[in-house]
K.L.:
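Before I ask anything, let me first share the structure, which is written out below as structure tokens.
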Amino acid sequence: MRAAPRVAVVGGGPAGLMAAEVLAAGGAAVTVYDRMPSLGRKFLLAGRGGLNLTHTEALPGFLARYGAAQAALVSPVGAFGPDALRAWCAGLGEPTVVGSSGRVFPASWKASPLLRAWLRRLAAQGVQVRTGHRWVGWDGEALRFEAASSPVLEEAEAVVLALGGASWPRMGSDGAWVPALEAAGVDVAALVPANCGFVVAWSDVMRSRYAGAPLKRLAVRFGERTVRGEAVITSWGIEGGALYALGGAVREAVQARGEAVLEFDLRPDLDEGALTARLGGPGVSTSNALRRAGLGEGAAALVREVGGAGPLAARIKRLPLRVTGLPPIERAISSAGGVRFGALDGPMLRARPGVFVAGEMLDWEAPTGGYLLQACFSTGRSAGAAALAWIEGRGA
């Protein structure tokens, strides 16, 4: 009788743990390696404000959120989509609830109960865990790790790499895997910030007095796309959900030209005529007019900061804000870039037979709202299933 095939999963986030679960259920002897002292650290961080697991949006619209990577993610997300993820959570004893926006959360609104239940299931399946192991590449066919300042070599019949991107490096995903894959001839797109804000050259007054001021009920336009949401002024610029949804296009413009101009509608619920009537006549001071417009302190400060000529109502409805850069990648919620799908044969690395890739280290991005975690779960499950199929094919 053939011994259970040994499979290494490198990375203990949602993608890696999902791959480990599929592999163990398929009869593999699985070991999960992670450089941090414990697993799922960024997953736990994501749950601090309520763990947004996925979204109830219909699948065609859901998949469109992945932009250029949509075609590559049709298969994994289609095979393990939002409904399947919710059923999986329920199977762990953690039912889910749907918020008013269609976002899906654990009923506990926390990540830790779900992670604990998941780790108990993996332990019951016989999955082994090796923390404090940083993967640094290959030594021949063996995986090479740095552990307690000493090199460790591990052999496996198949490998799933789920090392994350480069945002929140203190949680474990620092992008240090890029040189090892590039040395192996793998095509990797540069890791860049995603779901992040943008740098603005604020005046000293804006920077010192209004950092932290919220901008509520606004609409932001860039190119042909307009997104409603919220934002917040920071000492270095501006960030928030309304910016994240436009992030990829704005980031590319900033990288290409050094700047981009976003158009803010600070009162999207009023048309310009109604807003003009509310502001009052020419004898009303700007400060009083901004109060009559119903703008919060931050929005009013933004109007004064940008300045400009023309009617005040028009400026409030079409406020141009010039952004000039990106924050450091460690400040971003997620990262774009990674292993290009063209470097894969299905989910398997063409440069290394028997090596499969999952999660944020693949070259895709998505807005917040559940789309990020869903793709990590789905690609992890896909990579685990593909690794099993590859092992079975070799043994046939």
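Reckoned from all heavy atoms, side chains included, excluding hydrogens, waters and symmetry mates.
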K.L.:
If you count the non-hydrogen atoms of other residues, nucleotides and ligands that lie under 6.0 Å from CD in Gln125, is the total more than 12?
P.N.:
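Yes.
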
K.L.:
Please find the pair of heavy atoms, one from Gly165 and one from Leu191, that lie closest to each other, and give the distance.
P.N.:
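For Gly165 versus Leu191, the nearest heavy atoms are C-CD1, 4.3 Å.
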
K.L.:
Check whether any side-chain heavy atom of Phe145 sits under 4.5 Å from a side-chain heavy atom of Arg134, and report yes or no.
P.N.:
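They are not in side-chain contact.
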
K.L.:
If you look at every heavy atom in Gly354 and Met348, which pair is closest and at what distance?
P.N.:
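For Gly354 and Met348, the tightest heavy-atom pair comes out as N-SD, 3.4 Å.
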
K.L.:
Under the criterion side chain to side chain donor-acceptor pair (under 3.5 Å), which of Ser173, Ser167, Ser334 is the partner of Lys42?
P.N.:
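Output: one option passes, namely Ser167.
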
K.L.:
Please say whether the positively charged group of Arg130, taken as NZ for Lys or CZ for Arg, lies over the ring of Tyr33, i.e. under 6.0 angstrom from the six-membered ring centre and within 45 degrees of the axis.
P.N.:
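No.
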
K.L.:
Any chance CD of Gln255 has more than 12 other-residue heavy atoms, nucleotides or ligands included, within less than 6.0 Å?
P.N.:
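Atom CD in Gln255 is crowded, with more than 12 foreign heavy atoms closer than 6.0 Å.
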
K.L.:
Can you hop from Met18 to Val355 via hydrophobic side chains spaced under 4.5 Å?
P.N.:
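No, because Met18 and Val355 fall into different hydrophobic clusters, even though each may have its own neighbours under 4.5 Å.
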
K.L.:
Do Arg267 and Asp265 meet the salt-bridge criterion of a basic N to acidic O distance under 4.0 Å?
P.N.:
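Judged by the 4.0 Å cut-off on N to carboxylate O distance, Asp265 and Arg267 do not form a salt bridge.
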
K.L.:
I'd like to know if Arg251 pairs up with Glu365 as an ion pair, taking the criterion as any Lys NZ or Arg NE/NH1/NH2 lying under 4.0 Å from an Asp or Glu carboxylate oxygen.
P.N.:
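So Arg251 pairs with Glu365 through a salt bridge.
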
K.L.:
Which pair of non-hydrogen atoms, one from Leu53 and one from Leu373, has the smallest distance, and what is that distance?
P.N.:
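For Leu53 and Leu373, the tightest heavy-atom pair comes out as O-CB, 3.5 Å.
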
K.L.:
Write down the atom of Arg103, the atom of Asn52, and the distance for their closest heavy-atom approach.
P.N.:
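Heavy atoms only, the tightest pair is CD-OD1, 3.3 Å.
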
